[in-house]
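Chain letters run A, B, ... following the sequence lines, proteins first, then strands; residues in each count from 1.
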2 protein chains.
Amino acid sequence: MESAWERDLQMLDYRYRSQRAPINLSEVIIPGLCAGCGARHIGLCEALSDEDLNFLASVSKPLAVQKGQTFVVEGDAARSFFNINHGVAKLYKDMPDGRRQITGFVGAGDFVGLAADSCYAFSAEAIQEVRMCRFDRSELRNVFGRFPAIEQRLFDFASHELVVAQEQMLLLGRKTAVERLASFLDGWHHRIVHTEDSNSGHGLPMTRADLADYLGLTIETVSRALSSLRKLGVISVAADHGVSVLQSTRLAEIAQAASSGSTKIQPMYGLRGSKTVATA
Amino acid sequence: MESAWERDLQMLDYRYRSQRAPINLSEVIIPGLCAGCGARHIGLCEALSDEDLNFLASVSKPLAVQKGQTFVVEGDAARSFFNINHGVAKLYKDMPDGRRQITGFVGAGDFVGLAADSCYAFSAEAIQEVRMCRFDRSELRNVFGRFPAIEQRLFDFASHELVVAQEQMLLLGRKTAVERLASFLDGWHHRIVHTEDSNSGHGLPMTRADLADYLGLTIETVSRALSSLRKLGVISVAADHGVSVLQSTRLAEIAQAASSGSTKIQPMYGLRGSKTVATA
DNA sequence: TGTTCGCATTGATTCATATCAACTTCGAAG
DNA sequence: CTTCGAAGTTGATATGAATCAATGCGAACA
């Protein structure tokens with residue numbers, strides 16, 4: 001399924017050698033690459049015709065990074081956008097003393113690079129092998145002018161990113177450890193179901209440390225929260241630490257702190273914050 | 001300075017009466033309103049010529065809401081965008097049990113309504129009298145096609161919103177109470193200095209409860225953090241609870257947990273999270 | 001001019017999560 | 001097969017911030 005991408009890379013290599021000229025691999029233009037791309041029918045590219053895609057491919061360059069490799073560094077000049085085709089990466093911010101906050105995980109179909117003024121406001125590291133298309137920021141204005149569909153798509157994506165970001169602020173500012181984990185698992189479950197074939201027992205690609213840095217917790221608390229949800233029968237944790245959702249509805253209820261009658265696991269302690277009286 | 005806006009409102013009223021027809025005030029088109037707008041040279045409108053502004057005004061409607069009034073409700077169909085001309089509003093999300101997270105404060109020049117898919121992902125309430133221009137979401141596509149400058153402006157604004165959102169995630173997930181407050185005061189100080197004349201001792205428009213809901217704390221902790229910063233000599237708190245920044249550099253250092261030699265107030269306890277080793 | 005009430009501050013105590021520590025599992029290297 | 005280290009789980013203890021509680025203060029108002 002994704003071997004098409006690899007074939008194209010090999011084709012690139014072939015072109016490079018056959019031309020016998022000092023061409024930078026990353027500078028080679030590859031019309032037609034999109035046709036076999038695994039992300040052809042998701043994300044940004046879904047909105048485009050084959051014809052438009054050819055143009056888009058002409059201003060983008062393929063890029064592959066290995067697991068553990070950092071491909072965006074916070075503070076660097078923001079020259080590129082990235083459109084992920086395969087694999088998962090984490091976006092994060094570090095403090096001088098080592099504290100880290102992961103602001104999101106991105107996968108196939110996701111667009112990376114919006115959160116930047118002149119410099120990137122985040123770093124990005126692959127947690128699996130990641131393949132993507134890189135665009136030049138300066139080129140994007142031209143693309144917008146030529147293809148309103150792309151512009152609209154990107155605008156909608158940015159809007160959705162803001163929705164997700166606000167949801168995460170609520171999580172980090174007001175939810176308990178178990179609620180945070182339930183929220184993440186609920187969201188990831190949906191993402192997986194919508195993206196891949198919904199086979200059960202998908203192992204999470206990120207470590208407990210990544211989860212902790214994403215949820216504003218420690219690895220120990222993440223582990224304990226997983227145990228709590230397991231003991232409630234909402235999830236199961238495999239021997240290889242993979243997580244399966246057993247009761248997705250219950251999981252969502254815990255995530256939203258929405259009690260549904262019988263077994264409520266509402267915070268048995270008082271509410272935090274300014275004790276705003278619920279209107280609903 | 002802003003009386004021009006009020007004059008225009010009165011003019012509106014005059015037109016309404018003089019026409020003696022059942023015209024909905026909010027539906028009246030007001031060409032030329034922008035000329036005297038206090039936000040003419042900031043935010044979205046800064047990028048436009050007077051001519052373009054006239055067109056923009058023709059597809060927008062003025063709107064004023066009183067302090068305490070909610071003008072966007074989370075979950076409602078997202079039909080409008082708002083461009084704030086005057087006053088401050090808070091954007092927030094509530095949980096069923098009353099917990100609240102304020103995701104941002106918006107003021108003159110800010111654009112409201114990006115964080116929405118088909119429905120608003122947040123609620124908005126004025127914490128001062130707020131005056132703004134309302135745009136129809138459906139109209140905006142037309143505006144984009146006609147004025148690329150607006151489109152670019154809005155795209156940049158969305159990008160910046162994402163930068164701010166990620167910064168807030170770091171704050172909520174990893175910073176201590178004092179660091180959170182210092183971060184907020186540092187940011188607000190800059191915003192005020194850049195927006196209005198930088199007179200000292202500006203009272204914050206939001207209550208301690210708002211601050212708590214913004215910083216993921218309780219009002220008591222906010223109050224204690226303010227006292228801590230006051231005792232350090234970094235800020236002063238007036239009798240009317242207004243806050244003045246005395247040492248902006250020091251404030252920024254505390255906000256970023258960047259120790260600058262002598263007096264460090266680093267967390268005397270160990271670091272939280274996954275103990276990622278600092279690379280810098 | 002006293003009452004009330006919203007807002008803020010400060011102290012005492014509790015609690016959810018961090019920290020410290022012990023142990024298990026598993027895969028890679030030797 | 002043994003060693004080693006990365007990743008994860010679980011228990012005991014510490015602590016930053018939440019909760020509970022008391023007080024102060026200024027504005028609205030009778």
Which nucleotide wins on minimum distance to the side chain of [X], given the candidates [options]?
X        : options                : result
A:Glu220 : C:dT19, C:dT17, C:dT10 : C:dT19
B:Arg208 : C:dA18, D:dT10, C:dT9  : C:dT9
A:Thr218 : D:dT9, C:dT9, C:dT19   : C:dT19
B:Ser227 : C:dT17, C:dT10, D:dA18 : C:dT10

Using whole Å, what does the distance between atom [atom2] of nucleotide [N] and atom [atom1] of [X] come to?
X        : N      : atom1 : atom2 : result
B:Ile219 : D:dA17 : CD1   : C1'   : 14 Å
A:Lys67  : D:dA7  : NZ    : C1'   : 11 Å
B:Glu179 : D:dA17 : CD    : P     : 9 Å
A:Leu229 : D:dT9  : CG    : P     : 12 Å
A:Leu215 : C:dA18 : CG    : P     : 11 Å
A:Arg99  : C:dA18 : CZ    : P     : 13 Å
A:Asp240 : D:dG8  : CG    : C1'   : 12 Å
B:Lys175 : C:dA18 : NZ    : C1'   : 20 Å

Is the base of D:dT19 touched by the side chain of B:Arg224 through a donor-acceptor pair closer than 3.5 angstrom?
->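 Yes, the side chain and the base share a sub-3.5 Å donor-acceptor pair.
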
Grab the N/O contacts between the protein and nucleotides 22-29 of chain D below 3.5 Å, and write none if there aren't any.
none

Report yes if a side-chain nitrogen or oxygen of A:Ser223 is closer than 4.0 Å to either non-bridging phosphate oxygen (OP1 or OP2) of D:dT9; otherwise report no.
->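 Yes, within the criterion.
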
Quick check, are the ring centers of A:Phe122 and A:Tyr92 under 6.0 angstrom apart?
->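 Not under 6.0 Å, so no.
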
In plain terms, say whether A:Arg191 and A:Asp110 are close enough for a salt bridge, that is, a side-chain N and a carboxylate O under 4.0 Å apart.
->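 Here A:Arg191 pairs with A:Asp110 in a salt bridge, since their nearest N and O are under 4.0 Å apart.
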
Is a salt bridge present between A:Asp213 and B:Arg174, judged by a nitrogen-to-oxygen distance below 4.0 Å?
->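 Salt bridge: yes.
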
Where the side chain of B:Lys93 meets the backbone of B:Ser123, is there a donor-acceptor pair that is under 3.5 Å apart?
->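 No, the answer is negative, given that no donor and acceptor are paired below the 3.5 Å cut-off.
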
Has the side chain of B:Arg230 got a donor or acceptor atom that lies under 3.5 Å from a matching backbone atom of B:Ser236?
->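 The answer is no, because no donor-acceptor pair under 3.5 Å joins these two groups.
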
Identify whether NZ of Lys or CZ of Arg in A:Arg134 sits under 6.0 Å from the centre of the six-membered ring of A:Phe82 and within 45° of that ring's axis.
->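 No cation-pi geometry.
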
Do B:Arg99 and A:Glu179 have side chains that get closer than 4.5 Å, going by heavy atoms?
->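 Contact flag for B:Arg99/A:Glu179 side chains = yes.
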
Of B:Lys231 and A:Ala177, the one whose closest DNA chain C nucleotide lies more 5' |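 Per heavy-atom nearest nucleotide, the more 5' residue is B:Lys231.
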
Look at all strands and tell whether B:Arg230 reaches a base, only sugar-phosphate, or nothing, counting heavy atoms closer than 4.0 Å.
->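 Counting heavy atoms under 4.0 Å across all strands, the contact made by B:Arg230 is with sugar-phosphate only.
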
Would you indicate what A:Thr207 reaches in the nucleic acid, counting non-hydrogen atoms under 4.0 angstrom: base, sugar-phosphate, or nothing?
->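 Counting heavy atoms under 4.0 Å across all strands, the contact made by A:Thr207 is with sugar-phosphate only.
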
